[in-house]
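First up is the structure itself, then whatever we jot down about it.
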Amino acid sequence: MNETPRQLAYRMPAEWEPHESTWLAWPHNSEDWPGKFQTIPWVYAEIVRLLSAREHVHILVNDLRAEHRAQNV
């Protein structure tokens, strides 16, 4: 299999295009949010709350512990 994603007709759709769901990675690296990481899970939870009123939301987590933390938020 030597085809590129483009040759296989894959593309990245724009966020306004029709779609079935949204995928998010739950924040886990505090270095990505210097000085702000404590509030970021709440922000993500709000994003999920708003999106889930209109579409399915899938959340990627690192492990079971992270999954429990995300569910609690």
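The shown structure was predicted, so the numbers you read here are calculated from the model rather than taken from an experiment. All residue numbers in this chain count up from 1 along the given sequence.
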> Taking only residues at least two apart or on different chains, which pairs with a member in residues 37-47 satisfy side-chain hydrogen bond (donor to acceptor under 3.5 Å, both in side chains)?
Replying inline: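 Residue pairs with at least one partner in residues 37-47: Glu46-Arg49.
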>> Could you go through Leu60 and Leu24, starting from their C-alpha distance and side-chain angles, then the distance that decides it, and tell me whether this counts as side chain to side chain contact (heavy atoms under 4.5 Å, CB included)?
In response: CA-CA 6 Å; Leu60 301 169; Leu24 295 172; over 6 Å; no
Measure across [X] and [Y] and return the closest heavy-atom pair with its distance rounded to 0.1 Å.
{"X": "Val57", "Y": "Ser52", "result": "CG2-N, 3.8 Å"}
{"X": "Thr4", "Y": "Gln7", "result": "N-OE1, 2.7 Å"}
{"X": "Trp33", "Y": "Pro27", "result": "NE1-CB, 4.0 Å"}

> In a check of side-chain contact (heavy atoms from CB on, under 4.5 Å) between Trp26 and each of Asn62, Ile40, Val73, which one passes?
Replying inline: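 The passing option is Val73.
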> Got a sec, which pairs hit salt bridge (Lys or Arg N to Asp or Glu O under 4.0 Å) with one end in residues 52-71, sequence neighbours left out?
Replying inline: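 Listed once each, the pairs would be none.
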>> Tell me whether His19 contacts the main-chain N or O of Glu17 through its side chain, where contact means a donor paired with an acceptor under 3.5 Å.
In response: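 Yes, the answer is positive, given that a donor and an acceptor are paired below the 3.5 Å cut-off.
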>> Does His56 have more than 12 heavy atoms from other residues, nucleotides or ligands lying within 6.0 Å of its NE2?
In response: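 12 or below, so no.
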